[in-house]
Enquirer: 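My questions all concern the structure below.
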Amino acid sequence: MESTGLSDTLRQLMEARGLTQAGLIQQAAAMGYSLGKSQVSQYVSGKVLPRRDAMEVLAQVLGVEADVLAAACEGGRDEGRGQERTAGMGQIKKSRKLDNVLYDVRGPVVEEAERMERAGASILKLNIGNPAPFGFRAPDEVVFDMADQLVDCEGYSSSKGLFSARKAIMQYSQIKGIPSVTIDDVYTGNGVSELINLCMSALLDSGDEVLVPSPDYPLWTACVTLAGGTPVHYVCDEEAGWYPDMDDIRSKITRRTKALVIINPNNPTGAVYPREVLQQLVDIAREFDLAVFSDEIYDRLCMDGCEHISIASMAPDLFCVTFSGLSKSHMVAGYRVGWMVLSGNKARARDYILGLNMLCNMRMCSNVPGQSIVQTSLWGHQSVNDYIVPGGRIYDQRNFVYEALNAIPGVSAVKPSAAFYIFPKLDVRRFNITDDERFAFDLLHETKILVVPGRGFNWAKPDHFRVVYLPRIEDLSVAVRKLEAFLAHYRQ
């Protein structure tokens, strides 16, 4: 075997042993070693060189001496970085905290799509919930308000945010039935993403566990991991409309479990949890004394008459943190306007809240021009309501893609009740699929359609992928026809 770099060497060894990346990770786990999905993906793609300890694990799983892989690392050019390996020059390594972190919504498949675009390809991007590129516009009054107030937004606000923004969010929370919310319980952020990071950093010590849904929005798993905690994934059951499996949640609670994460409406499935499901989650959190973190960024995008209920409204005795924002409901993802609201039993979280305040002070404040439009956005005309009823773009595009995907042999999907996403299932036996990332790469290369494989949402099986249905029906129709033609002959 020629030493043509670590990436080629790994691929050859894996192929010789019939191993996919997932299989490599599973074999390592069976031998008592932990390798992360993102970690292995980056080794195989040649983007990152493993540390010596990781190299020894890879060598043992692949049945070779570690020196074989070390020699491959030293052989020629490090293709992933495009830089000559100079003798004696130390490599600047990423933190080991990132070894088990992935964010495949913007991961390896997306990077390949960007490479193809630079080479002149036209890619239909069904990977990210970013409304603006698909022709969704912010309400005129929102844009006007920001422009009118811009000269007054040049300085920092208080670390929690502008009074007007927080007052509007407090009132919105009261209408949602969230109890005991004062203006001091409201924090603005540069999108919900920043606030999730702050919350987990303030909460977790090494080894603490957080229950996170599977599939999930992957930032939750990443932030738990980066904060030193351990994400423990509970299953959402596709056969039950993607509702959480309560028995699975209970089976995974230990003395180290500190919190329960809920994503409702759910990304990537579009499920909206009814009151009886939320009550069961409240009962579990109450029984095991868990804090509740509820990501509700899509609460104003429910369809078919579904009622969105904030779980905090049902749990006045529990400490709850509820997240929302304007990115999706007002089509202003680039403005980075998010917030979180603390409610319930705040007395037992007094020390935690001090930590939150410290971290919020350290980042100074969130985007002040973005905060300036919260009041108008929440209490002005809700243009999003025109999108989520029959004849509205989101409603009609959801219906089209749901019906079109289910018409493809070997594909099935649960109808989403909210948000921009559908999470179809592939018949892995029909298509012989063992690696969903490879499926996404193959689909991209042949059809120039970009999707995110299920593993990007911490879904353990290689049988799902997420589709964003923000493009117009004409574009979705082209995408589905190409997908059907691709699957007609595709076998891994």
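Atoms considered below: every heavy atom in the structure, side chains included; atoms not considered: hydrogens, waters and symmetry mates.
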Enquirer: Given 3.5 Å as the limit, does a donor-acceptor pair link the side chain of S477 with the main chain of I473, or not?
Expert: no
Enquirer: Taking D248 for the side chain and V235 for the main chain, is one N or O donor matched with an acceptor at less than 3.5 Å?
Expert: yes
Enquirer: Quick one: closest heavy-atom pair of A259 and L203, and the distance?
Expert: CB-CD2, 4.1 Å
Enquirer: Quiz question: by atom type and distance under 3.5 Å, do the side chains of Y421 and R398 form a donor-acceptor pair?
Expert: no
Enquirer: For the backbone of C306 and the side chain of D304, can you confirm whether one donor and one acceptor N or O come within less than 3.5 Å of each other?
Expert: no
Enquirer: Calculate, to the nearest 0.5 Å, the distance between atoms NZ and CD belonging to K176 and Q171 respectively.
Expert: 15.5 Å
Enquirer: Just by distance, no angles: are the side chains of E403 and N399 close enough, under 3.5 Å, to form a donor-acceptor pair?
Expert: no
Enquirer: For the atom pair CG (L359) and CE (M200), what is the distance rounded to the nearest 0.5 Å?
Expert: 11.5 Å
Enquirer: Spell out, as yes or no, whether a donor-acceptor pair under 3.5 Å connects the side chain of E276 to the backbone of P274.
Expert: no
Enquirer: Looking only at side chains, do N361 and S159 share a donor and an acceptor under 3.5 Å apart?
Expert: yes
Enquirer: Test D185 against every option in K160, R166, K346 by the side-chain hydrogen bond (donor to acceptor under 3.5 Å, both in side chains) rule and name the one that passes.
Expert: K346
Enquirer: Ignoring hydrogens and angles, state whether a donor on the side chain of S214 or N458 is under 3.5 Å from an acceptor on the partner side chain.
Expert: no
Enquirer: Enter the distance from L162:CG to C365:SG here, rounded to the nearest 0.5 Å.
Expert: 8.0 Å
Enquirer: Would you give the length of the straight line joining atom CG of D299 to atom OG of S324, rounded to the nearest 0.5 angstrom?
Expert: 4.0 Å
Enquirer: Between D436 and K461, does any side-chain N to carboxylate O distance fall below 4.0 Å?
Expert: no
Enquirer: Any carboxylate oxygen within less than 4.0 angstrom of a Lys/Arg side-chain nitrogen, looking at R472 and D475?
Expert: no
Enquirer: Y490 and N432: side-chain donor and acceptor closer than 3.5 Å?
Expert: no
Enquirer: For Y335 and I373, what are the C-alpha separation, side-chain angles and deciding distance, and is it a side-chain contact (heavy atoms from CB on, under 4.5 Å)?
Expert: CA-CA 10 Å; Y335 287 9; I373 63 171; 3.6 Å; yes
Enquirer: Taking CD in E239 as the centre, count heavy atoms belonging to other residues, nucleotides or ligands within less than 6.0 Å. Is the count above 12?
Expert: no
Enquirer: With rounding to the nearest 0.5 Å, note down the distance linking CG in L204 to OG1 in T230.
Expert: 9.0 Å
Enquirer: Backbone N or O of G344 within a donor-acceptor pair of the S180 side chain at under 3.5 Å?
Expert: yes
Enquirer: Do N190 and S366 have side-chain atoms, one donor and one acceptor, less than 3.5 Å apart?
Expert: no
Enquirer: Taking the basic N atoms (NZ, or NE/NH1/NH2) and the acidic carboxylate oxygens, is any pair closer than 4.0 Å for E194 and R363?
Expert: yes
Enquirer: Distance-only, no hydrogens or angles: does the T257 side chain make a donor-acceptor pair with backbone N or O of T254 under 3.5 Å?
Expert: yes
Enquirer: Do N266 and W242 meet the criterion of a side-chain donor-acceptor pair at a distance under 3.5 Å?
Expert: no
Enquirer: Any donor-acceptor pair under 3.5 Å linking the side chain of N406 with the backbone of Y402?
Expert: yes
Enquirer: Counting distance only, does the side-chain N/O of S310 pair as donor-acceptor with the main-chain N or O of A312 below 3.5 Å?
Expert: no
Enquirer: If I take atom CG from residue L426 and atom CD from residue Q492, how far apart are they, to the nearest 0.5 angstrom?
Expert: 9.5 Å
Enquirer: Taking the six-membered ring for Trp, are F439 and F465 parallel (under 30°), tilted (30 to 60°) or perpendicular (over 60°)?
Expert: tilted
Enquirer: Looking just at side-chain N and O atoms, do K252 and H233 make a donor-acceptor pair shorter than 3.5 Å?
Expert: no
Enquirer: Are side-chain N/O atoms of R300 and N385 paired as donor and acceptor at under 3.5 Å?
Expert: no
Enquirer: Set out, in order, the CA-CA distance, both residues' side-chain angles and the distance that settles salt bridge (Lys or Arg N to Asp or Glu O under 4.0 Å) for R286 and D283, then state yes or no.
Expert: CA-CA 5 Å; R286 185 176 290 135; D283 292 344; 3.7 Å; yes
Enquirer: Are there over 12 heavy-atom neighbours, none belonging to E209, within less than 6.0 Å of that residue's CD?
Expert: yes
Enquirer: Donor-acceptor pair, distance only, cut-off 3.5 Å: does the side chain of Q397 make one with the backbone of Y469?
Expert: yes
Enquirer: Within 45 degrees of the ring normal and closer than 6.0 Å to the centroid, is that where the cationic atom of R393 sits relative to F136?
Expert: yes
Enquirer: Would you say CZ of R491 has more than 12 non-hydrogen atoms from neighbouring residues, nucleotides or ligands within 6.0 angstrom?
Expert: yes
Enquirer: Determine yes or no for a side-chain-to-main-chain donor-acceptor pair under 3.5 angstrom, with H308 supplying the side chain and N264 the backbone.
Expert: yes
